[in-house]
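A short worksheet on the structure shown next.
The figures that follow rest on heavy atoms only: side chains count, while hydrogens, waters and symmetry mates do not. No experiment lies behind these values; they were computed from the predicted model shown. Numbered from 1 within each chain, the chains take letters A, B, ... in sequence-line order.
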Amino acid sequence: MAEQEARFVEDLADMDDFAQWYHAVVRKADMADESPVRGCMIIKPYGYALWEAIQRGLDERIKLTGHENLYFPLFIPMSFLQKEAEHVEGFAPELAVVTIGGGEELTEPLAVRPTSETIIGHTYARWVQSYRDLPLLYNQWANVVRWEKRTRPFLRTSEFLWQEGHTVHRTEEEAEAETLKILNEVYVDFAEKELAIPMLKGRKSTTEKFAGALRSYSMEAMMGDGKALQAGTSHNLGQNFAKAFDIQFLDADGTRKLAWTTSWGASTRLIGGVIMVHGDESGLKLPPRVAPIQVVIVPIWRKDEERALVADAVAAVERDLRAAGIRVKSDWREQTPGFKFNDWELRGVPLRLELGPKDVQKDQAVLVRRDTRAKEFVPRGELAARASTLLTEIQQALFDAALAFRQRRTYQANDFAELAARMADRANLGFVEAWWCGDAQCEAEIKARTQATIRCLPFARSTTATEGACVYCGKPAQEWAVFAKAY
RNA sequence: CGGGGUAUAGCGCAGUCUGGUCAGCGCGCCUGCUUUGGGAGCAGGAGGUCCCCGGUUCGAAUCCGGGUACCCCGACCA
């Protein structure tokens, strides 16, 4: 028995080997499967249900902030990508290109979209005539393809699912406001409230910004191994794409003006984030608000009469919970309760409800939290209310735990030696805040020597000083930067 | 794309060095009985182009050549 248990959890127990643990969770929790195509994954129902929850949460916010959904084609003429110099340089190395269609060589190769700024820019140029047409606030849910050198399930796949928003504005201020609104009111709000992942918000350094953007902003999350995950980006594209695709409008003053555009995206990578932020040695821990199953009912019985008795009680409880808006599932598989307990913990279901003959007798049920494993006996009539309360508490507890972890693993460095030491301490890896002179050279050398990149120049600084010495060169610096190793 | 590792049943593996009763084990799966409040037991059973293509040989999971995919470490990126 002990041996079996050891064998069952062997891959998960060793969280020190985080990469191994991650792969094991993805597979054992039935989130995804491998595909025959390099770098592409099959998202299984349980993983896809989580993605659907993410889509719902983001889509709702995207629409609340005034955007509409539409859809552009998968293929983009190669010439479109070449119109914005920085953009093509950034994406050319990872393009998949179609050269044959219907058995015949195409006159112009078609890129499988790595992102849609170009084809959308081309189209927006026709849609925008007057300042009265602005702003254009559109979003699309799509798949994109980037031929990545190294892939990992959810975190980096050759094909991935995402939403990409593309907007056009009359003024620079309006475009900047849009960019920040998306970051704050859509991405961070969703990630923190629904995924229970605390986010660090900030601006990207020039090196790290989107290819073709004027300024990029991102939200960065700390994973369980202390590495950073860029979880959502919002770009102020300035007039770069408007110039490249000739998006102009006649303004109220009678002059033709170049428009200002933005783009922003969040992807299936968020699923990887949920796994790596909340998971533990028993597997996944899903935030209740996005968990495909919020309460799993494990019925317990010995004899047939008991089973019938329990079945009635389970059906009634299931109805109650469903009526309270809780996503519930009863597990009637022919397995022992112990097996099911472990199985659902592995899948990260926030609350387990045990119901056996003894409970039917006492008109109660047992509720067990996934996060703390705290167990309580609850009278039948109070189950739905208590479950709702617990789900809310778990949601908050997951966020609090993640925030506490990030705070514990966030350091400051005064000089390069301190920064390097932090990045070398694998067991306590995390974010390091430090002054940076703004020189890309310093940024590059830090990266070469420590693997750490500037995740962002955070909006909220943990120092009141406005100036310091660059962590690398020691020269006067005004930028407060967050360094980390990243996925 | 460089360096390292791996590919044998759904999963995890042994066998490969030294070619020939070598198609094996555990878990899982199916059937039956007994079980069921923290990963059940016994009995019987099903399941494999040994990743693919080519070569060497009387004979290849095993040796040689070439692919493909996955994992790890880098460089590149949501």
Please determine, for B:G47, whether a Watson-Crick or G-U wobble partner exists with both distances under 3.5 Å, and give it or none. none
With salt bridge (charged side-chain N to carboxylate O under 4.0 Å, His left out) as the test, pick out the partner of A:Glu345 among A:Arg370, A:Lys340, A:Arg373. A:Arg373
What interatomic distance, in whole Å, is found between C1' of B:C51 and the corresponding atom of B:U6? 11 Å
Output the single nucleotide from B:C71, B:C77, B:A69 whose closest atom is nearest the side chain of A:Arg38. B:A69
Using a 4.0 Å heavy-atom cut-off, does A:Ser234 contact any base of the nucleic acid, only the sugar-phosphate backbone, or nothing at all? nothing
Surrounding CD of A:Glu86 (heavy atoms of other residues, nucleotides or ligands, distance under 6.0 Å), is the total greater than 12? yes
NE2 of A:His235 to CH2 of A:Trp264: how many Å apart, nearest 0.5 Å? 11.5 Å
Considering every strand and a 4.0 Å limit on heavy-atom distances, what is the contact class for A:Gln230: base, sugar-phosphate, or nothing? sugar-phosphate
Under 3.5 Å for both donor-acceptor distances, Watson-Crick or wobble: does B:G10 have a partner, and if so which one? B:C27
Looking at A:Arg307 and A:Glu334, does any basic side-chain N land under 4.0 Å from a carboxylate oxygen? yes
Nearest heavy-atom contact between A:Ala486 and A:Lys227 is O-CE, 4.4 Å
For B:C76 versus B:G2, give the span between their C1' atoms, rounded off to a whole number of Å. 12 Å
Measure from the side-chain heavy atoms of A:Arg156 and tell me the nearest of B:C77, B:G74, B:C70. B:C77
Counting any heavy atom closer than 4.0 Å, what does A:Gln335 reach on the DNA or RNA strands: base, sugar-phosphate only, or nothing? base
B:C29 versus B:G55 - spacing of their P atoms, nearest Å: 42 Å
Is B:G2 paired to anything, Watson-Crick or G-U wobble with both distances less than 3.5 Å, and if yes, which nucleotide? B:C73
Can you find a donor-acceptor pair, distance only, under 3.5 Å between A:Arg352 side chain and B:G38 base? yes
Closest listed nucleotide, where the reference is the side chain of A:Thr336 and the choices are B:C77, B:G74, B:A40: B:A40
Work out how far the C1' atom of B:C58 is from that of B:C11, and round it to whole angstrom. 38 Å
Options B:C1, B:A78, B:C72, nucleotide nearest the side-chain atoms of A:Lys149: B:C1
Could you check A:Val366 against A:Arg455 and say which one's nearest nucleotide on RNA chain B is further toward the 5' end? A:Val366
Write down the distance separating the C1' atoms in B:C73 and B:C50, rounded off to the nearest Å. 30 Å
From NZ of A:Lys204 over to C1' of B:C77, roughly how many Å is that when rounded to an integer? 11 Å
Would you indicate what A:Glu345 reaches in the nucleic acid, counting non-hydrogen atoms under 4.0 angstrom: base, sugar-phosphate, or nothing? base
Student check: side-chain heavy atoms of A:Trp332 and A:Val298 closer than 4.5 Å: no
Touch check for A:Gly272, heavy atoms < 4.0 angstrom, all strands: base, sugar-phosphate only, or nothing? nothing
Using modelled atom types and a 3.5 Å cut-off, is there a donor and acceptor pairing between side-chain atoms of A:Thr372 and backbone atoms of A:Ala374? yes
Complement of B:C33, any strand, by Watson-Crick or G-U distances under 3.5 angstrom: B:G41
Among B:G37, B:C72, B:C77, the one nearest A:Glu148 by side-chain distance: B:C77
Relative to the 5' end of RNA chain B, which residue comes earlier, A:Phe210 or A:Phe341, by the nucleotide with the nearest heavy atom? A:Phe341
Proximity to the side chain of A:Val368 - top-ranked nucleotide from B:U36, B:G38, B:G74: B:G38
Donor-acceptor check, side chain of A:Glu84 to backbone of A:His87, threshold 3.5 angstrom: yes or no? yes
Please state how far atom CZ in A:Phe339 lies from atom C1' in B:G28, giving the value in whole angstrom units. 9 Å
Can you tell me the base-pairing partner of B:C17? Count Watson-Crick or G-U wobble geometry only, both distances below 3.5 Å, and say none if there is no partner. none
Counting heavy atoms from C-beta on, name the nucleotide in B:C72, B:G37, B:C71 closest to the side chain of A:Ile300. B:G37
Please report the distance separating the C1' of B:G45 from the corresponding atom of B:U62, rounded so that it comes out in whole Å. 31 Å
Mind calculating the distance between NZ (A:Lys28) and P (B:C27) to the nearest angstrom? 15 Å
With rounding to whole Å, what would you report as the distance between B:C71 and B:G28 at their C1' atoms? 23 Å
Please tell me which of the listed nucleotides, B:C71, B:A78, B:G37, lies nearest to the side chain of A:Asp359? B:G37
In the strands shown, is B:U57 matched to any nucleotide by a Watson-Crick or G-U wobble pair with both distances under 3.5 Å, and which? none
Side chain of A:Arg373 - closest among B:G38, B:A75, B:C11: B:G38
If you only use heavy atoms from C-beta on, which nucleotide in B:A78, B:C72, B:G38 is closest to the side chain of A:Arg269? B:A78
